[in-house]
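One is the number of the first residue; the rest follow in order along the sequence. All ligand and atom numbering here is 1-based and tracks the order in the structure.
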Amino acid sequence: MVLPESKDLTHLFSEETNARKPSPLKTCIHLFNDPNIIFLGGGLPMSDYFPWDNLTVDSPLPPFTKGIGAPIDPVTNDVLKADLKKNEKLHEGDIPFARALQYGFSAGQPELLKFLREHTTIIHDLQYQDWDIVATTGNTNSWESTLRVFCNRGDVILAESHSFSSSLSAAQAQGVVTFPVPIDENGIIPSKLANILDNWTPGAPKPKLLYTIPTGQNPTGSSLSDERKEEIYKIAQKHDFLIIEDEPYYFLQVGKYIKDIKERSSIESDVKPSHKEFLQSLAKTFLSLDTDGRVIRLDSFSKVLAPGSRLGWITGSKKLLAAYLALHEMTIQAPAGFTQALVSSTLNKWGQSGYIDWLICLRHEYMLKRNDAIDILFKYIPESPVFTINPPIAGMFFTVNIDASAHPEFSTKFESDPLKVEQHIYETVVKNGVLVVPGIWFITDGETTPAQPKESKESSNPNIIFFRGTYAAVSPDKLETGLKRLADVLKQEFGFN
Ligand code: PMP
Ligand code: PLP
């Protein structure tokens with residue numbers, strides 16, 4: 001089937017994007033590798049002077065039969081050796097250092113892009129033909145670039161009413177108003193989003209985009225259902241805004257929490273479902289719903305390979321990606337050559353199938369960690385309407401939701417202010433030797449001029465506060481000690497002893 005072209009949405013570009021002229025030097029860089037041209041055009045140092053000749057790297061070998069955390073053991077032959085060279089490739093996925101460490105290929109090195117494009121067609125069901133990807137230094141960079149490509153000072157964007165604080169700060173620092181969209185334990189509530197937009201105050205700039213973290217949301221841990229995504233996409237079409245899906249946790253989809261240990265034992269011991277089962281279990285992405293080319297997807301290797309790799313990619317329509325490329329040529333140029341060479345070599349040697357094996361094994365590890373954390377929370381935190389734990393189905397965060405008005409001193413010491421209770425609990429848990437992060441740090445609190453109707457921001461229960469924790473960062477025994485400390489403070493404070 002021939003797919004249609006994406007729509008032209010370049011009217012959503014920022015003044016900065018419209019003002020950016022392509023760097024004229026970049027228009028001739030492709031001739032650098034033309035053997036018929038003696039290239040005197042750019043300040044490219046000779047690769048002879050790059051002080052690295054080769055690099056040998058060991059990584060685990062698919063299908064990772066011992067799991068992914070096991071140390072590499074060369075004796076049992078479960079090691080994959082890569083020998084990266086300056087001037088040659090020993091494998092088709094290798095990027096010779098002479099090229100990887102040179103200027104050029106701002107969109108990313110061809111070997112890496114080829115792998116990522118194939119990966120994209122395996123994971124997503126793209127609905128238009130002119131899509132592509134651009135390599136980035138991770139989703140922090142991708143989001144900052146997104147703001148600059150589309151937003152002017154004074155523009156408005158939508159974001160979940162609690163969202164990743166760095167992303168909100170990046171927008172606010174650029175003078176962009178972050179308007180909150182109500183969420184529940186399943187993420188954005190489509191009817192509330194529709195209400196906000198249908199009742200948008202005349203004279204206030206309409207939102208250019210929705211910034212969302214659909215899977216394992218940071219900080220709430222929630223995940224959007226496929227049905228909600230479809231509704232939200234239709235609202236985006238009606239009101240002509242873009243959807244930016246920031247998806248670092250997409251592959252950490254660990255499934256529903258089953259409390260009964262016996263009942264879940266077969267899932268816990270089934271380390272390797274088939275690739276087909278795994279792929280079918282993944283949530284449908286906004287990218288897969290996108291017929292217009294109004295979704296921009298931000299993927300990162302930070303949570304699936306390593307944060308310090310500083311490598312990610314953006315997927316979207318070529319018409320919109322061109323503006324990112326022009327920006328990157330003046331900012332990051334491209335992700336570091338070492339990173340691209342290493343990651344491309346490993347992924348291409350693993351192959352698409354080996355990478356899926358990796359993701360399956362990684363998901364299994366996080367499923368065990370999630371189960372462990374939620375078991376412990378249920379063990380120590382009293383069963384009561386005061387405390388709510390919504391076991392996450394993806395990502396690395398859990399939240400403990402608390403009805404602040406149940407605190408014995410709510411109306412006296414805390415003057416009926418839930419945020420005062422939140423601050424007090426935060427300080428008390430830190431004093432008791434565990435750090436969880438208060439929800440207030442993630443509040444999306446922008447307002448337009450003129451303001452939106454009051455109802456657009458009403459929350460269902462303003463006395464509910466929450467704390468975010470992660471099960472990703474520590475060993476199981478430390479997790480139990482930490483969560484017990486948290487529970488002890490909550491019991492003490494809310495009179496459950
Ligand atoms: N500034 C000047 C004056 C340059 O000549 C160059 C490289 N041609 C750059 C910046 C770009 O430097 P980098 O590769 O460190 O981004
Ligand atoms: N976006 C979200 C929602 C995150 O939670 C994080 C990491 O904490 C990032 C982006 C940063 O990702 P990266 O390391 O790819 O810049």
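Under the salt bridge (charged side-chain N to carboxylate O under 4.0 Å, His left out) criterion, Lys319 pairs with Glu5, Asp130, sequence neighbours left out.
In this structure, Asp357 pairs ionically with Lys272, as a charged nitrogen and a carboxylate oxygen lie closer than 4.0 Å.
The protein residues lying under 4.0 angstrom from ligand 2, judged by non-hydrogen atoms, are Gly138, Asn139, Thr140, Phe164, Tyr211, Ile213, Asn218, Asp246, Pro248, Tyr249, Ser300, Ser302, Lys303, Arg310.
Within the 4.5 Å cutoff, the side chain of Lys238 has no heavy atoms near those of the Leu197 side chain. Within the 4.5 Å cutoff, side-chain heavy atoms of Pro110 are placed close to those of Phe105.
Arg485 forms no cation-pi arrangement with Tyr380, by the criterion of a distance under 6.0 Å to the ring centre and an angle within 45° of the ring axis.
A 6.0 Å sphere centred on CD of Glu15 holds no more than 12 heavy atoms belonging to other residues, nucleotides or ligands.
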